[in-house]
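Written below as structure tokens is the structure these notes are about.
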There are 2 protein chains.
Amino acid sequence: MQRTTTEMTYTAREEAIARYAKALSHPVRIRILSFLEKQSCCFTGKLTEEIPMAQSTISQHLKELKDAGLIQGDVLPPRIKYCINQKAWEEAKSIFSAFFEQEPLVTK
Amino acid sequence: MQRTTTEMTYTAREEAIARYAKALSHPVRIRILSFLEKQSCCFTGKLTEEIPMAQSTISQHLKELKDAGLIQGDVLPPRIKYCINQKAWEEAKSIFSAFFEQEPLVTK
DNA sequence: ATTGTATATCGCAAATGAACGATCTATTTG
DNA sequence: CAAATAGATCGTTCATTTGCGATATACAAT
């Protein structure tokens with residue numbers, strides 16, 4: 001009846017929010033980030049002690065957080081020290097803040 | 001080698017953040033919410049005019065936003081007026097804000 | 001060179017998500 | 001009651017995500 005797919009495109013802002021949100025969309029990743037927030041940094045091993053999941057699964061979640069830019073890994077053989085990526089963290093913070101800031105008008 | 005699945009459980013906070021984040025994890029849903037933010041409310045029809053996607057697809061995204069609690073629909077036959085759910089919006093806002101607020105310690 | 005340690009990557013299976021066209025539902029209008 | 005309208009739901013297809021065990025990699029220590 002309508003709208004034959006004109007091919008959807010998004011703004012950089014829309015994609016950025018969605019991308020960060022996706023990284024935050026699994027509770028175990030929230031836990032990992034909360035942990036890093038407190039500790040500043042930690043090794044994967046610490047997380048596998050704290051979180052009852054296979055090491056490979058945790059490694060995969062770390063990869064997703066890294067791909068989203070929210071964390072970074074410092075190679076410190078034979079281990080890897082993960083830290084929050086300050087820059088991305090600030091960006092995500094302000095991008096979400098701006099998104100929610102603009103209060104929707106009250107229902108009329 | 002380790003950690004035989006003790007069965008993972010999450011806090012309500014972790015699940016709440018992940019749940020809201022999941023709702024925000026697709027750019028078209030960001031667009032819909034931004035639109036509602038500006039307009040306060042609108043009918044599905046308005047969205048199908050604005051967004052080049054099948055009506056059924058938009059309806060599905062609306063359902064996800066509704067399931068997450070971020071929007072609500074007022075039945076106003078034969079149409080449905082969607083609005084941001086103020087209460088959930090505020091909750092999401094403060095939950096994300098609190099999550100990002102606690103600055104991670106600087107890398108040592 | 002062998003061994004050990006920490007972590008990543010692979011390959012799989014099951015579950016979930018995205019998009020669509022088609023159909024159903026509920027209500028208003030004729 | 002019939003037709004029109006707005007929107008939800010269904011069923012399908014295809015892609016992505018999740019979680020796991022097994023294996024690979026990279027370096028340090030012996």
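What you see is a predicted model, and the numbers here were worked out from it, not measured in a lab. Proteins come first, then strands; the chains are lettered A, B, ... in the order of their sequence lines, and each starts at number 1.
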- [ ] Please state how far atom CD1 in Ile58(B) lies from atom P in dA6(D), giving the value in whole angstrom units.
- [x] 14 Å
- [ ] Indicate, yes or no, whether a donor-acceptor pair under 3.5 Å links the base of dG7(D) to the side chain of Thr44(B).
- [x] no
Task: Atom-to-atom span, CG of Leu62(B) to P of dA6(D) - whole angstrom - done: 16 Å
TODO: Would you tell me if any nitrogen or oxygen in the side chain of Tyr82(B) comes within less than 4.0 Å of OP1 or OP2 on dA8(D)?
DONE: yes
- [ ] Hey, can you tell me if Phe96(A) and Phe100(B) have their rings parallel, tilted or perpendicular (30° and 60° cut-offs)?
- [x] parallel
Open item on the list: Restricting to salt bridge (Lys or Arg N to Asp or Glu O under 4.0 Å), what partner residues turn up for Arg31(B), sequence neighbours left out?
Closed with: Glu14(A)
Task: Protein-nucleotide distance (Ile80(B), atom CD1; dA8(D), atom C1'), rounded to Å - done: 7 Å
Task: Value in whole Å for how far the P atom of dT7(C) lies from CD1 of Ile51(A) - done: 13 Å
Task: Phe99(B) ring center within less than 6.0 Å of Trp89(A) ring center - done: yes
Open item on the list: Just to verify, what does Lys93(B) make a salt bridge (Lys or Arg N to Asp or Glu O under 4.0 Å) with, not counting sequence neighbours?
Closed with: Glu103(A)
Open item on the list: Suppose we call a contact any N or O donor and acceptor under 3.5 Å apart; does that hold for the side chain of Gln55(A) and the base of dA6(C)?
Closed with: no
- [ ] Answer yes or no: does a side-chain N or O of Ser56(A) lie under 4.0 Å from OP1 or OP2 of dC20(D)?
- [x] no
Task: Selection residues 63-73 of chain B - residue pairs positive for salt bridge (Lys or Arg N to Asp or Glu O under 4.0 Å), sequence neighbours left out - done: Arg29(B)-Glu64(B), Lys63(B)-Asp67(B)
Open item on the list: Using whole Å, what does the distance between atom P of nucleotide dT5(D) and atom CZ of Phe43(B) come to?
Closed with: 17 Å
Open item on the list: With ring-ring contact (aromatic ring centres under 6.0 Å, His included) as the rule and sequence neighbours excluded, what pairs involving residues 48-79 of chain B come up?
Closed with: His26(B)-His61(B)
Task: Minimum-distance nucleotide (side-chain atoms of Arg79(B) versus dA8(D), dG7(D), dT7(C)) - done: dG7(D)
Task: Separation of dG19(D) P from Leu47(A) CG (nearest whole Å) - done: 15 Å
Open item on the list: What is the distance, to the nearest angstrom, from the CE atom on Met8(B) to the P atom on dG19(D)?
Closed with: 9 Å
Task: Sequence-aligned protein contact record of nucleotides 13-18 of chain C, with B where the base is within under 4.0 Å of a protein heavy atom and S where only the sugar-phosphate is - done: ---SSB
- [ ] Assign each of Lys66(B) and Pro78(A) to its nearest nucleotide of DNA chain D by heavy atoms, then name whichever residue's nucleotide is nearer the 5' end.
- [x] Lys66(B)
TODO: May I have the distance from Lys63(A) (atom NZ) to dT17(D) (atom P), rounded to whole angstrom?
DONE: 11 Å
TODO: With sequence neighbours excluded, give me every salt bridge (Lys or Arg N to Asp or Glu O under 4.0 Å) pair touching residues 53-62 of chain A.
DONE: none
